[in-house]
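Shown next, in structure tokens, is the structure this report addresses.
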Amino acid sequence: MPETATVSPADGPPATVRRPALSPSRASDFKQCPLLYRFRAVDRLPEAPTKAQLRGTLVHAVLEKLFALPQADRVPDRAKELLEPAWSELSAERPEWTDLFAEDNADEVGEWLGSASKLLDSYFELEDPRRLEPEACELHVEIELDSGVRLRGYVDRLDVAPTGEIRVVDYKTGTAPREIGEAKAMFQMKFYAVVLWRLRGVVPRQLKLMYLTDGQSLAYTPDEAELRRFERTLEAIWQAILKAGKTGDFRPNPSKLCGWCDHQSRCPSFGGTPPEYPGWPEPDPGEETALDRAD
């Protein structure tokens, strides 16, 4: 089946429209709270990033650049040298991100960059990148299942052994409670495992989470039966999204995570009123942002 469709504006050439897809972040949003999914994927309401989110995005960018260097150059000092140039690139692409810092306050930015440097120190305590040669970093993956559900996402790092065994690596820099963060992270990793299994015909040997805030890692080995069950879970989530999309009936699901939500003022559970339902979005609502991938 084709991955894209085209529409023809009255006054210009056909525009490519990406087909609706499910990303790990948006699937996790719906599973957590259907109304949160609606606010992010359908209404596309803006959310103010935090410095911690920006720091995670920056560290991801630096690690991607680090693995682009020759193996011998992948050392802590070289990684730290990449911090300021990487932030310059990110802030040039999204100048509004600099609004989180006081104008002309170099000390504030320097302190924030220092906190990112500490995360890089933590990374080097967990592994030596000079001994690794990943197949890809920030790898875009996408596939349509036999059921018609299209899955799409970005893998932080994909390691492939000479024997063909696959390891999926994800860096975590967030500060959410560990028990909540781990459940969300493992959901994300199983999502990637399903996509890679269907793309390559190989069940990933290992799913590895690297927690850079506390210098710990978690490794998990899935099996084919588990991925089949998880694939059915994703299909069920997508069908529930489509059902809600027809009517706009995206209901809130209050939980401990409400304390981290930007949309309490619009949520009925907190006395708010959602904006008028705009209808199912076009183009596709399945894209993840850099901030999503830096959780």
Side-chain angles (χ1 to χ4, degrees), residues 23-25 48-101 105-141 153-160 167-176 181 184-185 188-189 192 207-219 287-295:
S23 73
S25 295
T50 65
K51 290 180 183 178
Q53 286 177 308
L54 295 189
R55 182 180 60 193
T57 302
L58 174 62
V59 169
H60 277 71
V62 168
L63 291 175
E64 181 182 8
K65 292 178 181 297
L66 184 73
F67 277 104
L69 298 175
Q71 285 175 280
D73 294 342
R74 299 172 192 164
V75 296
D77 287 346
R78 188 71 182 92
K80 293 177 182 180
E81 290 173 1
L82 295 171
L83 273 171
E84 290 195 30
W87 173 236
S88 294
E89 290 181 16
L90 290 172
S91 57
E93 293 171 3
R94 299 294 299 271
E96 68 273 17
W97 287 357
T98 62
D99 294 341
L100 286 180
F101 303 94
N105 190 335
D107 289 341
E108 184 182 7
V109 175
E111 181 178 347
W112 177 76
L113 289 173
S115 68
S117 179
K118 290 179 180 179
L119 292 180
L120 292 175
D121 286 336
S122 180
Y123 165 74
F124 280 96
E125 291 173 1
L126 292 172
E127 69 179 9
D128 183 351
R130 294 173 298 180
R131 302 178 62 184
L132 302 167
E133 196 56 74
E135 179 178 299
C137 294
E138 293 296 325
L139 175 67
H140 176 264
V141 292
Y154 288 85
V155 176
D156 282 353
R157 199 178 87 211
L158 185 67
D159 299 338
V160 181
R167 177 170 65 181
V168 183
V169 179
D170 196 82
Y171 313 116
K172 293 298 176 189
T173 61
T175 56
K184 183 176 180 181
Q188 177 188 42
M189 296 299 274
Y192 295 141
L207 309 178
K208 185 175 183 179
L209 292 161
M210 303 182 72
Y211 291 93
L212 305 188
T213 299
D214 54 12
Q216 297 183 33
S217 62
L218 173 67
E287 193 61 65
E288 288 189 302
T289 69
L291 295 174
D292 288 325
R293 303 197 296 276
D295 286 346

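Everything numeric in this text was worked out from a predicted model, so none of it was measured.
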Please report the closest heavy-atom contact between [X] and [Y], naming both atoms and the distance.
| X | Y | value |
| --- | --- | --- |
| L209 | K172 | CD2-CE, 3.9 Å |
| A48 | Q53 | O-OE1, 4.2 Å |
| L100 | P49 | CD1-O, 3.3 Å |
| A116 | L83 | CB-CD2, 3.9 Å |
| R74 | P129 | NH1-O, 3.1 Å |
| W87 | L54 | CH2-CD1, 4.1 Å |

Pairing residues for R78 by the side chain to side chain contact (heavy atoms under 4.5 Å, CB included) criterion, not counting sequence neighbours:
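Result, side chain to side chain contact (heavy atoms under 4.5 Å, CB included) vs R78: L69, V75, E81, L82.
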What pairs with K208 under side chain to side chain contact (heavy atoms under 4.5 Å, CB included), at least two apart in sequence or on another chain?
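Listed in chain order: E127, R167, V169, Q206, M210, S217.
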Got a donor-acceptor contact below 3.5 angstrom from the S117 side chain to the L113 backbone?
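Such a contact is absent between S117 side chain and L113 backbone.
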Could you tell me which residues satisfy side-chain hydrogen bond (donor to acceptor under 3.5 Å, both in side chains) with [X], sequence neighbours excluded, listed by chain and number?
| X | result |
| --- | --- |
| E96 | R94 |
| D121 | K80 |
| S115 | R55 |

If you round to the nearest 0.5 Å, how far is [atom2] of [Y] from [atom1] of [X]?
| X | Y | atom1 | atom2 | value |
| --- | --- | --- | --- | --- |
| H60 | C137 | NE2 | SG | 10.5 Å |
| Q216 | S122 | CD | OG | 9.0 Å |
| L120 | L58 | CG | CG | 7.5 Å |

Please name all residues satisfying salt bridge (Lys or Arg N to Asp or Glu O under 4.0 Å) with [X], sequence neighbours left out, ordered by chain then number.
| X | answer |
| --- | --- |
| D128 | R130 |
| E135 | R200 |
| K51 | E108 |

Given side chains that start at C-beta, do those of [X] and [Y] come closer than 4.5 Å, heavy atoms only?
| X | Y | result |
| --- | --- | --- |
| L66 | F124 | yes |
| V59 | Y123 | no |
| F67 | L132 | yes |
| P24 | Y154 | no |
| L119 | Y171 | no |
| L212 | L126 | yes |

May I ask you to check whether over 12 heavy atoms, not counting those of Q71, lie within 6.0 Å of atom CD?
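Count over threshold, so yes.
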